[in-house]
Amino acid sequence: MVARFMSLKEAVSSSVRHGDTVAMEGFTHLIPHACGHEIIRQGLRDLTLIRMTPDVIYDQLIGAGCARKLIFSWGGNPGVGSLHRLRDAVQDHWPHKLEIEEHSHAAMANAYDAGAAGLPCAVFKGYRGAELPRVNPNIKFIECPFTGERLAAVPAIRPDVAVVHAQKANKKGDVLFEGIVGVQKEAVLAAKKSIITVEEIVDNFDDVPFNAVMLPHWAVGAIVEVPGGAHPSYAQGYYKRDNAFYKAWDEIAKDRDSFAAWIDENVIKGGPEDFAARRNENRA
Amino acid sequence: MVARFMSLKEAVSSSVRHGDTVAMEGFTHLIPHACGHEIIRQGLRDLTLIRMTPDVIYDQLIGAGCARKLIFSWGGNPGVGSLHRLRDAVQDHWPHKLEIEEHSHAAMANAYDAGAAGLPCAVFKGYRGAELPRVNPNIKFIECPFTGERLAAVPAIRPDVAVVHAQKANKKGDVLFEGIVGVQKEAVLAAKKSIITVEEIVDNFDDVPFNAVMLPHWAVGAIVEVPGGAHPSYAQGYYKRDNAFYKAWDEIAKDRDSFAAWIDENVIKGGPEDFAARRNENRA
Amino acid sequence: MTDYTATEMMTVTAARALKNDDVCFVGIGMPSAACNLARLTHAPDITLIYESGTIGTKPDVLPLSIGDGELCETAVNTVSVPEMFRYWLQGGKISVGFLGAAQLDKYGNINTTVIGDYFDPKVRLPGGGGAPEIATSCGEIFLVMKQSKRGFVEKIDFVTSLGYGKGGDDRASYGVTTRGPSRLITDLCIMEPHPVGKHFIVTSIHPGVTREQIIEGTGWEVEFADEIAETPTPGTNELTVLRDLHARTAKAHEGQQ
Amino acid sequence: MTDYTATEMMTVTAARALKNDDVCFVGIGMPSAACNLARLTHAPDITLIYESGTIGTKPDVLPLSIGDGELCETAVNTVSVPEMFRYWLQGGKISVGFLGAAQLDKYGNINTTVIGDYFDPKVRLPGGGGAPEIATSCGEIFLVMKQSKRGFVEKIDFVTSLGYGKGGDDRASYGVTTRGPSRLITDLCIMEPHPVGKHFIVTSIHPGVTREQIIEGTGWEVEFADEIAETPTPGTNELTVLRDLHARTAKAHEGQQ
């Protein structure tokens with residue numbers, strides 16, 4: 001991989017294929033919503049979607065019929081309630097059946113870490129006394145060869161494509177994350193390809209601290225400048241989380257028709273350039 | 001553990017016991033030399049010393065007779081040559097026999113990471129085709145339960161005491177590392193007790209970046225202000241590596257008598273306050 | 001002061017259980033309110049950690065999500081999510097974890113995954129998130145939950161996170177060495193695990209609450225301790241601080257759009 | 001230009017093997033000189049990584065240690081040592097690793113651990129450091145070493161780091177999928193692995209060097225390729241840049257104390 005600057009349309013069409021395994025990350029902060037919309041617009045199908053907290057972004061992709069399978073650890077609208085499209089897919093197979101593979105946060109975080117580290121699996125102290133191992137064959141246990149302690153193991157996450165949003169790229173294509181950095185760096189390092197949307201592209205990173213959370217240009221893929229591209233999530237230093245939208249989503253997504261109308265109006269008829277206005281409405 | 005400010009003498013006498021396992025870390029940068037001298041002055045014996053790169057600091061401790069065992073991955077004077085005291089101890093048992101447990105850097109880095117993460121062992125892609133597993137029983141192999149891939153395992157490092165040097169503490173006892181941060185944070189998190197020497201104690205960390213490399217006050221032990229305490233190593237932003245001293249050490253340590261004379265003059269008759277002058281001589 | 005709601009009583013009681021030197025893993029909702037109330041009253045130095053990676057955060061309003069920007073802006077330090085789960089939670093650095101549940105049994109095992117069968121659920125809940133490892137890695141666990149027969153059940157449909165398992169020493173049989181759910185704070189009472197059997201027994205009843213109400217709100221056979229305290233009522237200052245916090249929060253979250 | 005030393009010839013030849021888009025794991029000494037020479041001549045965008053955690057560093061003088069301050073000051077980013085070995089090296093992000101040795105065999109297996117028996121060594125060397133995993137995790141390995149019968153031996157005393165093992169497909173039998181030592185650059189010649197047997201064969205001889213000198217400096221039976229090139233001599237610019245670099249370095253390191 002090496003950084004290439006392009007449009008969001010080109011980034012998605014050149015990086016994502018039907019049936020791909022796609023990890024769109026961002027832990028509450030920096031969720032790549034604009035790219036999620038582009039994936040819906042391009043009509044991608046049969047995706048295996050990976051994400052610790054599916055959240056509104058995957059509620060939209062699942063409701064729009066892009067997903068065949070979901071790998072996740074917490075599927076709610078944070079602080080608001082359920083993800084109605086996810087629930088409808090799981091409980092009533094609408095718009096079609098959705099396969100799920102469920103983990104804990106610790107398992108997913110370790111699996112991204114293992115993916116970035118080139119390991120086939122992550123080993124951690126997890127799932128002790130918990131029931132998920134009964135229903136998820138991708139949770140196994142091994143023994144520490146020194147102490148005999150029983151440790152959980154899950155497969156490393158190695159997505160075909162990682163999609164993340166960051167504050168800045170410089171003109172070389174180095175990427176900077178600040179604030180709540182989640183598992184974004186790990187997701188990109190673990191993936192075969194990556195799409196990184198950023199708030200802005202700057203000349204250089206001369207004023208960035210030594211130990212900043214960064215990805216060098218030769219470790220990333222497509223870079224797209226999409227101001228506001230994380231809305232209704234936020235970008236520290238640029239705009240605040242649109243908590244009102246998260247609350248409003250509850251009503252929009254509750255009903256299949258109102259959801260479909262919202263997608264048509266805001267996604268199908270929209271484009272990445274719409275996000276800049278949303279940024280301005282939520283200025284930090 | 002919770003931060004307590006004290007003198008170096010008190011920090012060592014209250015934290016380190018004969019026979020303890022002690023990890024003094026700092027990867028070329030921020031090596032806690034002042035505390036090493038204090039351990040020699042207090043005549044501690046039978047220590048198991050852990051360090052990726054034993055370096056001049058452990059050459060001094062080994063030559064002074066403090067160590068029973070050394071766990072390490074590269075034992076040289078970087079860019080200069082051998083560690084003569086280490087070599088004399090291994091080859092000719094002077095001042096007494098030194099047991100060694102030898103790893104690779106990757107193994108040690110993973111073992112610190114595992115110690116910080118509360119795991120009994122580290123699992124990594126290591127030692128493939130290498131001979132150390134034949135001579136070190138603390139290197140074993142396990143199989144990935146998903147792919148069958150053979151992976152190396154080493155015990156996590158969980159020292160009794162971690163000793164590190166950092167740029168700053170604030171008055172609450174939060175500690176800041178900047179620049180080449182090595183495995184210092186991991187060593188402290190993995191240890192039961194810790195001693196942290198710092199260049200200076202400041203009022204607060206208001207201007208520190210969100211994602212700085214830090215330890216909060218409730219995760220550290222003794223904090224001691226020792227300006228210059230990393231000399232002849234360096235502290236980014238304070239003083240440069242004294243490369244000339246590293247070269248001079250080769251001559252000093254080559255001979256048992258000249259080594260003993262140096263220790264007597266500079267360590268036994270010295271104190272932590274001597275390091276401030278060394279800082280001034282090597283200003284950045 | 002008698003002018004308080006059952007939720008306020010529960011929140012204040014939970015806050016009082018926290019100490020000034022605790023390092024607390026905070027979830028969204030009631031735990032967040034309780035932890036921040038403790039910080040703004042008797043425990044100013046308490047360390048609050050949210051799983052988004054924010055360590056030692058001091059938000060002025062309650063976050064809607066576990067990753068609101070203010071958590072990072074007011075934190076001592078923000079680390080990656082793998083580091084949070086590996087070095088801080090699994091590494092044993094957290095003294096108290098707060099958990100709630102959709103279903104809870106008398107041994108403090110909790111379900112936040114599904115109602116009904118896992119593969120054919122009646123209700124699909126959000127899932128475990130951080131809870132399975134919070135439940136086993138924190139020094140102790142405080143459970144906070146409003147009582148109802150639907151929530152306090154004899155047998156939970158799915159064990160998302162371990163409490164005392166089947167009771168007695170069962171928790172340790174999973175290799176878990178932490179203490180487990182040391183108290184359950186509800187809108188009606190405080191329950192604590194039986195020293196041997198580890199099933200919850202009522203040890204303190206909130207003022208004005210009857211034993212019948214507690215029995216009515218519990219799906220298992222309630223056991224009362226020999227000596228039962230009356231839970232102290234919320235203080236004026238605690239209620240003022242809590243209500244101010246909620247008012248600031250409501251204003252901040254509705255102020256947008 | 002004929003006015004150059006054998007070490008300069010070796011350094012320049014090693015530098016030329018590097019490409020502008022390489023991501024290179026750099027060791028101290030000759031590798032550091034070669035990598036920085038490449039960066040200052042034909043490969044300005046090369047990414048140099050030192051195991052101290054500095055990524056994309058551009059030092060003005062050669063560091064004495066792998067963690068000199070200037071490496072961090074001029075780097076794109078500096079990460080922790082566990083991250084360096086886990087995400088970057090083991091994660092397969094490095095295209096070229098440079099290694100030297102105390103002893104080397106014809107399959108590129110190297111010894112930097114002991115001369116003599118491990119438990120009763122004649123000479124205790126520094127040990128493996130990063131080498132055992134550099135040797136297996138980098139896309140390919142360049143070996144750089146001055147020739148001598150003592151260093152180029154039929155059988156090394158200790159296999160610190162894997163080359164081609166026993167030759168042929170043996171490297172892959174350890175589960176290693178990277179290419180291995182793709183060239184060996186000495187002060188006399190360039191050797192490359194035989195396509196099938198994987199033992200080193202001489203493919204290019206430095207100007208003025210005889211086959212006898214190579215045989216004399218090699219402890220195994222030397223095999224020469226059917227067609228042997230003459231290694232191009234260092235260019236004027238390369239020598240000027242290299243000598244300036246060494247002069248700046250000497251001045252910087254002696255300037256202290």
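No experiment lies behind these values; they were computed from the predicted model shown. All heavy atoms count here, side chains included; hydrogens, waters and symmetry mates do not. Each chain gets a letter, A, B and so on, in the order the sequences are listed, and its residues count up from 1.
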Testing the basics here: between Ile62(B) and Ala67(B), what is the closest heavy-atom pair and its distance to 0.1 Å? CG1-CB, 4.1 Å
I'd like to know which of [options] tops the heavy-atom pair count under 4.5 Å against chain B.
options                                  : answer
Phe158(D), Phe85(D), Tyr174(D)           : Phe158(D)
Arg171(D), Glu83(D), Glu73(D), Met84(D)  : Glu73(D)
Asn109(D), Leu125(D), Ile66(D), Leu89(D) : Ile66(D)
Pro63(D), Gly127(D), Ala135(D), Pro82(D) : Pro82(D)

Evaluate the ring planes of His103(B) and Tyr127(B), with Trp represented by its six-membered ring, and classify them as parallel (under 30°), tilted (30 to 60°) or perpendicular (over 60°). tilted
[X] versus chain D, heavy atoms under 4.5 Å apart: side chain, backbone, both or neither?
X         : result
Lys247(B) : side chain
Arg128(B) : both
Leu83(B)  : neither
Phe177(B) : neither
Met52(B)  : side chain
Phe124(B) : both

Does the distance from a Lys or Arg side-chain N to an Asp or Glu carboxylate O, for [X] and [Y], drop under 4.0 Å?
X         : Y         : value
Arg243(D) : Glu8(D)   : yes
Lys254(B) : Asp250(B) : yes
Asp242(B) : Arg278(B) : no

Which answer fits [X], side chain, backbone, both or neither, if we ask what part of it has an atom under 4.5 Å from a heavy atom of chain B?
X         : answer
Tyr50(D)  : neither
Glu51(D)  : both
Pro132(D) : side chain
Arg124(D) : both
Ser80(D)  : both

Using a cut-off of under 4.5 Å on heavy-atom pairs, state which of [options] scores highest against chain D.
options                                  : result
Gly126(B), Ser82(B), Gly129(B)           : Gly129(B)
Ala106(B), Ala111(B), Gly179(B)          : Ala106(B)
Val135(B), Thr53(B), Asp113(B), Val80(B) : Val135(B)

Hey, does [Y] have a side-chain heavy atom less than 4.5 Å from the side chain of [X]?
X         : Y         : result
Phe245(B) : Asn282(B) : no
Gln184(B) : His165(B) : no
Leu18(D)  : Cys35(D)  : yes

Please determine if Arg241(B) forms a cation-pi arrangement with Tyr246(B), meaning its NZ or CZ atom is less than 6.0 Å from the six-membered ring centre and no more than 45° off the ring axis. yes
Donor-acceptor pair between Glu102(B) and Tyr118(D) side chains, under 3.5 angstrom: yes
What about Tyr239(B) and Tyr234(B), are their ring centers closer than 6.0 Å? no
